[in-house]
Amino acid sequence: MPALCQRRFPSATAMATGRAAKTGLNGLFAVYKPPGVAAIRVRDSVETLLLRELNSLEQPAVPQQVRFLPTTVEGNAGKELTLTPTWLPVLAAHPLVRGPKFTHLKIGVGHRLDTKSSGVFVLGVGHGNKLLTDMYNAHLTRAYTVRGLFGKATDDFSDTDHITRDKLERIIAVIQGTNHKTLLMYSNIDLKTQEAYELAVEGLIRPMEKTPPLITAIRCLQFEPPEFQLEIQCLHETQQYLRKIVHEIGLELKSSAVCTQVRRIRDGFFTLDSALLRTHWNLQNIQNSIQESKMKVEVELQRILGHQDSSGKRLTNVDLVAESELHSTEGTFASSLIHKMRESQSDWKVE
(Lines give C-alpha, C1' and ligand atoms only; values in the text may rest on other atoms or scores of the structure.)
Protein backbone atom coordinates (compact mmCIF):
# COMPACT_ATOMS: atom_id res chain seq x y z
CA MET A 1 0.00 0.00 0.00
CA PRO A 2 1.36 3.45 -0.81
CA ALA A 3 2.73 5.58 1.97
CA LEU A 4 0.30 7.91 3.67
CA CYS A 5 2.90 10.59 4.30
CA GLN A 6 6.59 11.10 4.61
CA ARG A 7 8.77 13.01 6.99
CA ARG A 8 12.44 13.78 7.26
CA PHE A 9 14.66 14.48 10.19
CA PRO A 10 17.37 16.65 8.65
CA SER A 11 20.26 17.71 10.80
CA ALA A 12 20.95 21.38 10.17
CA THR A 13 24.48 20.96 11.48
CA ALA A 14 25.19 17.96 9.27
CA MET A 15 23.88 19.65 6.13
CA ALA A 16 25.79 22.86 6.83
CA THR A 17 28.98 20.93 7.54
CA GLY A 18 28.75 19.00 4.27
CA ARG A 19 28.10 22.11 2.19
CA ALA A 20 30.90 24.07 3.86
CA ALA A 21 33.38 21.24 3.39
CA LYS A 22 32.57 20.91 -0.32
CA THR A 23 32.54 24.68 -0.88
CA GLY A 24 35.97 25.03 0.71
CA LEU A 25 37.45 22.72 -1.92
CA ASN A 26 37.76 25.32 -4.69
CA GLY A 27 41.20 26.57 -5.62
CA LEU A 28 44.86 25.62 -5.85
CA PHE A 29 47.10 23.86 -3.35
CA ALA A 30 50.47 22.13 -3.44
CA VAL A 31 51.60 18.78 -2.12
CA TYR A 32 55.07 17.28 -1.84
CA LYS A 33 55.50 14.42 -4.30
CA PRO A 34 58.06 11.86 -3.13
CA PRO A 35 60.44 10.24 -5.63
CA GLY A 36 59.49 6.87 -7.06
CA VAL A 37 55.76 7.62 -7.10
CA ALA A 38 53.86 8.53 -10.28
CA ALA A 39 52.18 11.93 -10.26
CA ILE A 40 48.80 10.42 -11.16
CA ARG A 41 49.01 8.18 -8.09
CA VAL A 42 49.59 11.23 -5.91
CA ARG A 43 46.54 12.89 -7.43
CA ASP A 44 44.41 9.76 -6.95
CA SER A 45 45.58 9.37 -3.35
CA VAL A 46 44.59 12.94 -2.52
CA GLU A 47 41.17 12.46 -4.09
CA THR A 48 40.62 9.17 -2.22
CA LEU A 49 41.57 10.69 1.12
CA LEU A 50 39.32 13.72 0.58
CA LEU A 51 36.34 11.59 -0.49
CA ARG A 52 36.78 9.31 2.48
CA GLU A 53 36.80 12.25 4.87
CA LEU A 54 33.86 14.01 3.21
CA ASN A 55 31.79 10.84 3.42
CA SER A 56 32.74 10.36 7.06
CA LEU A 57 31.18 13.69 8.03
CA GLU A 58 27.85 13.65 9.82
CA GLN A 59 25.08 12.84 7.34
CA PRO A 60 21.43 13.94 7.49
CA ALA A 61 19.11 11.42 9.09
CA VAL A 62 17.45 8.87 6.82
CA PRO A 63 13.92 10.12 5.92
CA GLN A 64 11.01 8.11 7.24
CA GLN A 65 7.56 7.39 5.86
CA VAL A 66 4.31 5.83 7.09
CA ARG A 67 3.62 2.27 6.10
CA PHE A 68 0.53 0.27 6.98
CA LEU A 69 1.63 -3.07 8.34
CA PRO A 70 -0.74 -6.01 8.86
CA THR A 71 -1.27 -6.95 12.49
CA THR A 72 -3.71 -9.18 14.36
CA VAL A 73 -5.93 -7.91 17.12
CA GLU A 74 -8.51 -9.57 19.36
CA GLY A 75 -12.03 -8.82 18.15
CA ASN A 76 -15.57 -10.02 18.82
CA ALA A 77 -15.08 -12.87 16.43
CA GLY A 78 -11.62 -13.73 17.71
CA LYS A 79 -8.42 -12.67 16.08
CA GLU A 80 -8.84 -10.16 13.29
CA LEU A 81 -6.35 -8.87 10.71
CA THR A 82 -5.95 -5.10 10.55
CA LEU A 83 -3.53 -2.50 9.19
CA THR A 84 -1.52 -0.40 11.62
CA PRO A 85 0.29 2.82 10.54
CA THR A 86 4.00 2.65 11.36
CA TRP A 87 6.96 4.99 10.72
CA LEU A 88 9.70 3.17 8.80
CA PRO A 89 12.99 4.43 7.24
CA VAL A 90 13.13 4.88 3.46
CA LEU A 91 15.60 2.16 2.54
CA ALA A 92 16.32 3.70 -0.88
CA ALA A 93 17.84 6.70 0.92
CA HIS A 94 19.85 4.66 3.40
CA PRO A 95 23.66 5.09 3.03
CA LEU A 96 24.15 1.31 2.88
CA VAL A 97 21.78 1.17 -0.09
CA ARG A 98 22.52 4.34 -2.06
CA GLY A 99 26.26 4.27 -1.37
CA PRO A 100 28.53 7.18 -0.37
CA LYS A 101 27.27 10.71 -1.01
CA PHE A 102 30.54 11.97 -2.52
CA THR A 103 31.99 9.76 -5.24
CA HIS A 104 34.06 12.15 -7.36
CA LEU A 105 36.06 15.35 -7.04
CA LYS A 106 37.31 17.29 -10.03
CA ILE A 107 41.01 17.45 -9.22
CA GLY A 108 43.42 18.60 -11.93
CA VAL A 109 47.21 18.43 -11.97
CA GLY A 110 49.63 21.28 -12.63
CA HIS A 111 53.02 21.14 -14.33
CA ARG A 112 54.04 17.55 -14.64
CA LEU A 113 56.61 15.89 -12.39
CA ASP A 114 57.90 12.53 -13.54
CA THR A 115 58.15 9.42 -11.39
CA LYS A 116 61.84 9.76 -10.52
CA SER A 117 61.52 13.40 -9.42
CA SER A 118 60.21 14.89 -6.20
CA GLY A 119 59.09 18.24 -4.85
CA VAL A 120 56.32 20.79 -5.24
CA PHE A 121 53.32 19.41 -7.14
CA VAL A 122 50.39 21.78 -7.68
CA LEU A 123 46.82 20.48 -7.79
CA GLY A 124 43.55 22.25 -8.53
CA VAL A 125 40.11 21.33 -7.25
CA GLY A 126 36.78 22.79 -8.35
CA HIS A 127 37.27 26.12 -10.10
CA GLY A 128 40.98 25.71 -9.33
CA ASN A 129 41.17 23.75 -12.59
CA LYS A 130 40.65 27.01 -14.48
CA LEU A 131 43.43 28.59 -12.44
CA LEU A 132 45.74 25.78 -13.54
CA THR A 133 45.14 26.83 -17.15
CA ASP A 134 45.87 30.44 -16.17
CA MET A 135 49.15 29.31 -14.60
CA TYR A 136 50.14 27.62 -17.86
CA ASN A 137 49.29 30.73 -19.86
CA ALA A 138 51.26 32.94 -17.46
CA HIS A 139 54.47 31.01 -18.32
CA LEU A 140 55.68 31.06 -14.72
CA THR A 141 59.18 29.91 -13.87
CA ARG A 142 59.93 26.85 -11.77
CA ALA A 143 62.99 26.16 -9.64
CA TYR A 144 64.77 22.87 -9.04
CA THR A 145 67.72 21.54 -7.14
CA VAL A 146 69.58 19.02 -9.27
CA ARG A 147 72.22 16.69 -7.88
CA GLY A 148 74.92 15.24 -10.08
CA LEU A 149 77.73 12.73 -9.71
CA PHE A 150 80.91 13.04 -11.73
CA GLY A 151 82.62 9.94 -13.04
CA LYS A 152 86.32 9.29 -13.50
CA ALA A 153 86.55 9.58 -17.28
CA THR A 154 89.38 11.94 -18.34
CA ASP A 155 90.83 13.05 -21.62
CA ASP A 156 94.31 11.78 -20.77
CA PHE A 157 93.16 8.53 -19.07
CA SER A 158 94.98 9.48 -15.86
CA ASP A 159 93.49 9.44 -12.38
CA THR A 160 93.71 13.20 -11.80
CA ASP A 161 91.18 15.55 -10.23
CA HIS A 162 90.88 17.94 -13.15
CA ILE A 163 87.35 19.17 -12.30
CA THR A 164 87.19 22.32 -10.17
CA ARG A 165 84.32 24.48 -8.95
CA ASP A 166 85.67 27.41 -10.93
CA LYS A 167 85.44 25.47 -14.19
CA LEU A 168 81.95 24.28 -13.33
CA GLU A 169 80.74 27.80 -12.55
CA ARG A 170 82.22 29.14 -15.78
CA ILE A 171 80.18 26.61 -17.72
CA ILE A 172 76.90 27.31 -15.94
CA ALA A 173 77.45 31.07 -16.30
CA VAL A 174 77.61 30.69 -20.07
CA ILE A 175 74.54 28.42 -20.02
CA GLN A 176 72.59 31.15 -18.23
CA GLY A 177 73.78 33.87 -20.61
CA THR A 178 72.91 31.84 -23.69
CA ASN A 179 69.44 31.00 -22.40
CA HIS A 180 68.82 34.62 -21.41
CA LYS A 181 69.36 35.71 -25.01
CA THR A 182 66.92 33.04 -26.17
CA LEU A 183 64.35 34.19 -23.61
CA LEU A 184 64.55 37.77 -24.88
CA MET A 185 64.09 36.54 -28.45
CA TYR A 186 60.90 34.64 -27.57
CA SER A 187 59.53 37.52 -25.47
CA ASN A 188 59.25 39.71 -28.59
CA ILE A 189 60.40 42.81 -26.69
CA ASP A 190 62.47 45.66 -28.09
CA LEU A 191 65.35 45.91 -25.63
CA LYS A 192 65.85 49.60 -26.39
CA THR A 193 62.41 50.64 -25.14
CA GLN A 194 61.24 51.88 -21.76
CA GLU A 195 58.78 48.97 -21.69
CA ALA A 196 61.64 46.47 -21.71
CA TYR A 197 63.29 48.23 -18.78
CA GLU A 198 60.07 48.30 -16.74
CA LEU A 199 59.32 44.64 -17.46
CA ALA A 200 62.84 43.66 -16.42
CA VAL A 201 62.48 45.57 -13.14
CA GLU A 202 59.13 43.88 -12.40
CA GLY A 203 60.40 40.45 -13.44
CA LEU A 204 57.75 40.11 -16.15
CA ILE A 205 59.96 39.23 -19.11
CA ARG A 206 58.54 35.91 -20.25
CA PRO A 207 57.93 34.20 -23.58
CA MET A 208 54.55 34.98 -25.07
CA GLU A 209 53.97 31.43 -26.28
CA LYS A 210 55.14 27.87 -25.73
CA THR A 211 58.88 27.52 -26.38
CA PRO A 212 61.62 24.93 -26.06
CA PRO A 213 62.97 24.57 -22.50
CA LEU A 214 64.61 27.76 -21.24
CA ILE A 215 66.91 28.24 -18.25
CA THR A 216 66.46 31.67 -16.67
CA ALA A 217 68.98 31.20 -13.85
CA ILE A 218 71.45 28.54 -12.76
CA ARG A 219 73.98 28.43 -9.94
CA CYS A 220 76.13 25.93 -8.08
CA LEU A 221 74.88 25.27 -4.54
CA GLN A 222 77.35 22.59 -3.53
CA PHE A 223 80.60 21.22 -4.93
CA GLU A 224 82.08 18.23 -3.10
CA PRO A 225 83.62 16.04 -5.83
CA PRO A 226 82.48 13.72 -7.15
CA GLU A 227 79.10 15.13 -6.06
CA PHE A 228 77.67 18.54 -6.90
CA GLN A 229 74.32 20.30 -6.65
CA LEU A 230 72.82 22.97 -8.90
CA GLU A 231 69.83 25.24 -8.53
CA ILE A 232 68.07 25.77 -11.85
CA GLN A 233 65.21 28.16 -12.61
CA CYS A 234 63.54 27.39 -15.88
CA LEU A 235 60.52 27.54 -18.19
CA HIS A 236 58.78 24.83 -20.21
CA GLU A 237 61.20 22.17 -18.99
CA THR A 238 60.85 18.52 -18.21
CA GLN A 239 62.87 16.72 -15.60
CA GLN A 240 64.50 14.61 -18.31
CA TYR A 241 65.79 17.81 -19.90
CA LEU A 242 67.44 18.79 -16.61
CA ARG A 243 69.12 15.40 -16.38
CA LYS A 244 70.40 15.90 -19.92
CA ILE A 245 71.97 19.21 -18.88
CA VAL A 246 73.91 17.46 -16.11
CA HIS A 247 75.17 14.92 -18.63
CA GLU A 248 76.30 17.64 -21.05
CA ILE A 249 78.10 19.55 -18.28
CA GLY A 250 80.04 16.40 -17.44
CA LEU A 251 81.13 16.00 -21.06
CA GLU A 252 82.31 19.62 -21.24
CA LEU A 253 84.44 19.05 -18.16
CA LYS A 254 86.12 16.14 -19.97
CA SER A 255 84.45 13.66 -17.69
CA SER A 256 81.05 12.06 -17.30
CA ALA A 257 78.16 12.94 -15.01
CA VAL A 258 74.84 11.42 -14.10
CA CYS A 259 71.89 13.07 -12.39
CA THR A 260 71.09 11.48 -9.02
CA GLN A 261 68.21 13.72 -7.92
CA VAL A 262 65.77 16.23 -9.36
CA ARG A 263 63.66 18.08 -6.82
CA ARG A 264 61.28 20.92 -7.62
CA ILE A 265 61.50 23.58 -4.93
CA ARG A 266 59.16 26.13 -6.50
CA ASP A 267 56.33 26.08 -9.02
CA GLY A 268 55.17 29.61 -9.75
CA PHE A 269 53.70 30.91 -6.49
CA PHE A 270 54.11 27.64 -4.58
CA THR A 271 57.28 26.71 -2.67
CA LEU A 272 58.39 23.84 -0.48
CA ASP A 273 57.03 25.67 2.56
CA SER A 274 53.51 25.57 1.12
CA ALA A 275 53.67 21.95 -0.10
CA LEU A 276 51.73 19.55 2.13
CA LEU A 277 53.54 16.42 3.23
CA ARG A 278 51.85 13.02 2.93
CA THR A 279 50.83 13.05 6.59
CA HIS A 280 48.99 16.36 6.05
CA TRP A 281 46.87 15.29 3.09
CA ASN A 282 43.50 15.78 4.78
CA LEU A 283 40.42 17.95 4.34
CA GLN A 284 41.27 20.61 6.90
CA ASN A 285 44.88 21.16 5.81
CA ILE A 286 43.97 21.28 2.12
CA GLN A 287 41.17 23.78 2.76
CA ASN A 288 43.58 25.93 4.79
CA SER A 289 46.19 25.75 2.04
CA ILE A 290 43.66 26.82 -0.60
CA GLN A 291 42.56 29.80 1.48
CA GLU A 292 46.13 30.89 2.29
CA SER A 293 47.18 30.95 -1.36
CA LYS A 294 43.91 32.24 -2.83
CA MET A 295 44.59 35.97 -2.66
CA LYS A 296 48.20 35.74 -3.82
CA VAL A 297 47.33 33.50 -6.78
CA GLU A 298 44.52 35.79 -7.96
CA VAL A 299 46.58 38.97 -7.65
CA GLU A 300 49.67 37.60 -9.38
CA LEU A 301 47.76 35.93 -12.22
CA GLN A 302 45.79 39.10 -12.84
CA ARG A 303 48.99 41.13 -12.94
CA ILE A 304 50.84 38.80 -15.32
CA LEU A 305 47.94 37.89 -17.62
CA GLY A 306 46.80 41.51 -17.64
CA HIS A 307 50.17 42.57 -19.01
CA GLN A 308 50.09 39.85 -21.65
CA ASP A 309 46.61 40.83 -22.78
CA SER A 310 47.54 44.50 -23.00
CA SER A 311 50.58 43.65 -25.13
CA GLY A 312 48.28 42.33 -27.84
CA LYS A 313 49.98 38.96 -27.97
CA ARG A 314 47.96 35.84 -28.45
CA LEU A 315 48.13 33.46 -25.49
CA THR A 316 48.63 29.86 -26.46
CA ASN A 317 46.53 27.32 -24.56
CA VAL A 318 48.55 24.40 -23.29
CA ASP A 319 47.32 20.92 -23.99
CA LEU A 320 49.00 17.57 -23.71
CA VAL A 321 49.47 17.14 -27.45
CA ALA A 322 51.22 20.46 -27.96
CA GLU A 323 53.34 19.93 -24.89
CA SER A 324 54.46 16.48 -25.94
CA GLU A 325 55.39 17.80 -29.39
CA LEU A 326 57.56 20.51 -27.91
CA HIS A 327 59.32 18.25 -25.45
CA SER A 328 60.02 15.67 -28.13
CA THR A 329 62.69 18.08 -29.39
CA GLU A 330 64.24 18.79 -26.01
CA GLY A 331 66.88 16.09 -26.31
CA THR A 332 68.27 17.76 -29.41
CA PHE A 333 67.93 21.16 -27.75
CA ALA A 334 69.93 20.03 -24.71
CA SER A 335 72.56 18.30 -26.84
CA SER A 336 73.16 21.46 -28.86
CA LEU A 337 73.32 23.71 -25.80
CA ILE A 338 77.08 23.47 -25.37
CA HIS A 339 77.60 24.08 -29.08
CA LYS A 340 75.57 27.28 -28.82
CA MET A 341 77.70 28.29 -25.85
CA ARG A 342 80.82 27.86 -27.91
CA GLU A 343 79.37 29.91 -30.74
CA SER A 344 78.43 32.74 -28.40
CA GLN A 345 81.87 32.73 -26.72
CA SER A 346 84.34 31.30 -29.17
CA ASP A 347 87.31 32.35 -27.02
CA TRP A 348 86.05 30.47 -23.95
CA LYS A 349 87.82 27.25 -23.13
CA VAL A 350 88.02 24.82 -20.22
CA GLU A 351 91.59 23.81 -19.66
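Both backbone and side-chain heavy atoms feed into the values below; hydrogens, waters and symmetry mates do not. Not measured: the values here are computed from a predicted model.
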Quick one: CG on L83 to CZ on R67, what's the gap to the nearest 0.5 Å? 12.5 Å
So which heavy atom on C259 is nearest to which on V246, and how close? N-CG1, 4.0 Å
Applying side-chain contact (heavy atoms from CB on, under 4.5 Å) to F269 and S293, what does each step give before you reach the verdict? CA-CA 8 Å; F269 322 112; S293 63; over 6 Å; no
Sidechain-backbone polar pair: N285 side chain, L276 backbone, donor-acceptor under 3.5 Å: no
Closer than 3.5 angstrom, by distance alone: can the side chain of H111 be matched with the main-chain N or O of V122 as a donor-acceptor pair? no
Could you go through H139 and S187, starting from their C-alpha distance and side-chain angles, then the distance that decides it, and tell me whether this counts as side-chain contact (heavy atoms from CB on, under 4.5 Å)? CA-CA 11 Å; H139 302 290; S187 64; over 6 Å; no
Is the side chain of S56 donor-acceptor paired with the backbone N or O of E53 at a distance under 3.5 Å, no angle test? yes
Starting at CG of N137, measure out to CG of L140 and round the result to the nearest 0.5 Å. 10.0 Å
Within a reach of under 6.0 Å around CZ of R52, are more than 12 heavy atoms found that belong to other residues, nucleotides or ligands? no
Treating R264 as the side-chain partner and V120 as the backbone partner, does any N or O pair qualify as donor plus acceptor under 3.5 Å? yes
Side chains of T141 and T216: is there a donor and an acceptor less than 3.5 Å apart? no
Nearest 0.5 angstrom please: L149 CG to S256 OG, how far? 8.5 Å
In this structure, would L28 and L277 fall into the same cluster of hydrophobic residues linked by side-chain contacts under 4.5 Å? yes
Quick one: closest heavy-atom pair of L113 and A39, and the distance? O-CB, 3.6 Å
Look at the rings of F150 and F228 and say which category their plane angle falls in: under 30° parallel, 30 to 60° tilted, over 60° perpendicular. parallel
If we ignore hydrogens and angles and just use 3.5 Å, is the side chain of N26 paired with the main-chain N or O of H127 as donor and acceptor? yes
Between Y136 (side chain only) and G110 (backbone N and O only), is there a donor and an acceptor less than 3.5 Å apart? yes
Between N55 (side chain only) and K101 (backbone N and O only), is there a donor and an acceptor less than 3.5 Å apart? yes
Given side-chain contact (heavy atoms from CB on, under 4.5 Å), test T72 with T82 step by step and report yes or no. CA-CA 6 Å; T72 57; T82 184; over 6 Å; no
Step by step, would you call R112 with T238 a side-chain contact (heavy atoms from CB on, under 4.5 Å)? CA-CA 8 Å; R112 63 182 183 177; T238 65; 2.8 Å; yes
May I ask you to list the residues sharing a hydrophobic cluster with L221, side-chain cutoff 4.5 Å, ordered by chain and number? none
Charged N to carboxylate O under 4.0 angstrom, E169 versus R165? yes
E237 side chain vs P213 backbone, donor-acceptor pair below 3.5 Å: no
